[in-house]
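The structure appears right after this line, and notes come after that.
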Amino acid sequence: MKEIEITCKLGKELTADDIQTAAVKALGVSPKIKQQLKYRILRRSIDARNDILYRYRIEVCKPEEVMSEYVLDEYKDVSSAEPIVIIGAGPAGMFAALKLLMKGLKPVILERGKDVHARKFDMAKLSTEGQVNPDSNYCFGEGGAGTFSDGKLYTRSSKRGDIREVLHQLVRFGADPSILIDAHPHIGSDKLPIVVENIRKCIIGHGGEYHFDSRVTDIVKRQDGAFDVVVSTSVSSSDLSVIPSERSESSVSIYTSRKVILATGHSARDIYEMFHRKGWELQAKGFALGVRVEHPQSLINKIQYHGKYQPYMPTAEYSFVTQVLDRGVFSFCMCPGGILVPAATAPGELVLNGMSNSQRNSKWANSGVVVQIEPEDFPEYAQHGPLALLQFQKDIERKMFEYTGSLKAPAQRMMDFCRRIPSANLPKTSYHPGAENAPLHELLPEHVSLRLKYAFPEIGNKKMHGYYTNDALLLGVESRTSSPVRIPRDPETLEHVQVSGLYPCGEGAGYAGGIVSSALDGINCAAKI
């Protein structure tokens, strides 16, 4: 058994005969048995250094050799099994639930938002009317924030666990099998809702439970060691024709479980505040803040393919990281052929994110470009203790909103920003609420603004010639890159350091950054239980 590498020009299909011909040479066998040779494609990536190629890494073996296949565990009927409460139906919560099914325990998922299809109506109102539903938006609701931000699955690190468990389950529930081999796999925000819905149907079909419109307001540790999870539930939540503002009545429900997985995502600020009131340990954690940068996608295609782009080629993407004044500056959540969306989770704040559909066919490319921030960078917030950077994050988002007085984004052309001058006008943008001409270089903290000022020309001159241009638009603010708070846990048991039986999990706990890493963290917590 050997691994071989084969290249293939984009636009040309790699055939079984191509692979088996290469395998004959690599294995040193007779061409007569070529068609009996077995193979498996391990990885596919694009090489644009010279000719534009697909580069395949393939495992090949002789007919008599056994080629192992990855096999998922089966899900068990857990209708009468012990219930385990999971707070949050994002990647960490969903994949924790699937792991519990495999282990014979009953997941009971509590989600403050709506199911993946119903939440779309609230996101539409957010974009078109500026109405923010604090429990149903681009961050909250079934599938979590990742469902409507392209569905990028870039994590390839094996430190957290076996990535194949996540990818194979996504394929099982409807994702394109290409995610198993692509170097930069993605599903697309048009395809992810179906995958997420299929996961829910599987969990319910095997005896698990889902409870939407169920916002956790308290977690009480009982004398017997179990937990009472207190939930506020909209009385009319099952009637999707009733708009959120008219659902004034609510009821309180309590779910009891000896173990609780907390998978609430990086924007559930009320959960951090609840922990703080209870005296449960929290830690201030560094995060990154900056702007969304929007270029014409045609320009990014030209840069990344060195002027050789053809319509049959995949839409070009990019990533970069650099150091400016002893702080990291990097691209984040790049969305090729994507659009910008409002990601606010409360009235009076302004946050942007990006998303792409599976075809990545919009006229724009957008990415966060952000600067690393540590608690010591803003000592004036130290009075807030472990919530210091959370308060800083809130203040920046409110400042952006107050400048425009709406969900319109303060915006400035890239070169104007770096030169510290106003923009005479703004280019068109994919951001539906619109952009308002603003001195972003003044609105952003100097810690961030100064580093971006130096980073953009450096990227354009050294890494991506043509990137630094006044045709690029900067919009503020990109601030939900990761949680500004960590919920500390024991490295062996994964339980909270003070509250046994409580498992802080995923991005909201400060232990993941993206769909795959969050899913793996959910799997790990469920496995510990």
Side-chain angles (χ1 to χ4, degrees), residues 45 145-146 149-157 159-160 183-186 266 285-295 299-300 303-304 316-336 338 340 343 351-356 364-378 389 392-393 396-397 412 414 417-418 440-441 444-469 472-484 486 507 510-518:
S45 59
S149 63
D150 188 77
K152 288 174 282 293
L153 309 170
Y154 288 0
T155 298
R156 287 295 188 183
S157 170
K159 294 179 182 179
R160 299 175 185 270
H184 287 173
H186 77 106
H266 60 41
K285 170 185 159 292
F287 76 114
L289 182 142
V291 294
R292 294 302 297 191
V293 179
E294 190 168 62
H295 286 82
L299 175 60
I300 301 301
I303 293 170
Q304 296 299 80
E317 53 193 290
Y318 66 82
S319 66
F320 59 76
V321 60
T322 186
Q323 289 285 316
V324 180
L325 303 176
D326 298 322
R327 280 288 184 267
V329 180
F330 55 94
S331 59
F332 171 81
C333 187
M334 195 271 156
C335 296
L340 293 168
V351 189
L352 270 67
N353 197 4
M355 63 178 280
S356 301
W364 290 277
N366 74 76
S367 176
V369 178
V370 293
V371 178
Q372 187 63 30
I373 291 171
E374 299 298 339
E376 62 267 23
D377 294 330
F378 293 91
L389 289 188
F392 165 76
Q393 184 189 60
I396 296 299
E397 293 171 1
Q412 192 172 10
M414 181 182 282
F417 174 90
C418 295
L440 263 181
H441 61 280
L444 289 168
E446 184 68 8
H447 174 98
V448 174
S449 181
L450 186 63
R451 287 169 172 83
L452 293 178
K453 170 188 173 180
Y454 292 129
F456 288 129
E458 177 189 331
I459 298 303
N461 293 330
K462 296 182 180 180
K463 299 185 179 183
M464 294 176 61
H465 297 291
Y467 182 86
Y468 181 55
T469 171
L473 185 64
L474 313 187
L475 303 95
V477 62
E478 168 62 272
S479 53
R480 305 288 179 95
T481 53
S482 65
S483 169
R486 175 173 284 113
E507 283 200 32
Y511 295 99
I515 292 173
V516 175
S517 60
S518 295

message = Is it the case that the side chains of K152 and S356 hold a donor-acceptor pair, with the cut-off being a distance below 3.5 Å and no angle test?
response =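 Per modelled atom types, S356 and K152 side chains form no pair under 3.5 Å.
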request  = Sort and list the pairs that fulfil side chain to side chain donor-acceptor pair (under 3.5 Å) and have at least one residue in residues 286-295, not counting sequence neighbours.
outcome  =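 Residue pairs with at least one partner in residues 286-295: R292-N366, R292-E478, E294-T429, E294-S430.
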I need the [X] [atom1] to [Y] [atom2] distance, nearest 0.5 Å.
X: L153; Y: H184; atom1: CG; atom2: NE2; answer: 11.5 Å
X: F456; Y: R451; atom1: CZ; atom2: CZ; answer: 14.0 Å
X: S449; Y: L474; atom1: OG; atom2: CG; answer: 10.0 Å
X: Y467; Y: I300; atom1: OH; atom2: CD1; answer: 6.5 Å
X: M414; Y: L452; atom1: CE; atom2: CG; answer: 9.0 Å
X: F332; Y: S319; atom1: CZ; atom2: OG; answer: 13.0 Å

Under a 4.5 Å cut-off applied to non-hydrogen side-chain atoms, are [X] and [Y] in contact?
X: T322; Y: K463; value: yes
X: V370; Y: L289; value: no
X: L444; Y: F417; value: yes
X: N353; Y: R480; value: no

Short side-chain to backbone donor-acceptor contact, [X] and [Y], under 3.5 Å:
X: S45; Y: A183; answer: no
X: E507; Y: G514; answer: yes
X: K285; Y: L389; answer: no
X: Q412; Y: L440; answer: yes
X: S517; Y: A512; answer: no

inquiry  = Is the distance from the ring center of F287 to that of H266 below 6.0 Å?
reply    =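 Centroid distance F287-H266: not below 6.0 Å, so no.
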query = With under 30° as parallel and over 60° as perpendicular, where do the rings of Y318 and F320 fit, or are they tilted in between?
reply =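 Judged by the thresholds at 30° and 60°, the geometry between Y318 and F320 is parallel.
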Shortest non-hydrogen contact from [X] to [Y]?
X: E374; Y: G286; value: OE1-CA, 3.6 Å
X: V329; Y: A455; value: CG1-CB, 3.7 Å
X: A365; Y: M334; value: CB-CE, 3.7 Å
X: G146; Y: I515; value: O-CD1, 3.9 Å
X: E397; Y: S479; value: OE2-OG, 2.6 Å

task = State which residue, out of I396, I373, V477, fulfils the side-chain contact (heavy atoms from CB on, under 4.5 Å) condition with V448.
result =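 Filter result, single survivor: I373.
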Enclosure of K462 NZ (heavy-atom neighbours >12, cutoff 6.0 Å) =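 Check fails, neighbour count at 12 or below.
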query = Residues two or more places apart in sequence or in another chain: which of them pass side chain to side chain donor-acceptor pair (under 3.5 Å) with S367?
reply =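 Partners of S367 by the side chain to side chain donor-acceptor pair (under 3.5 Å) criterion come out as none, since no residue qualifies.
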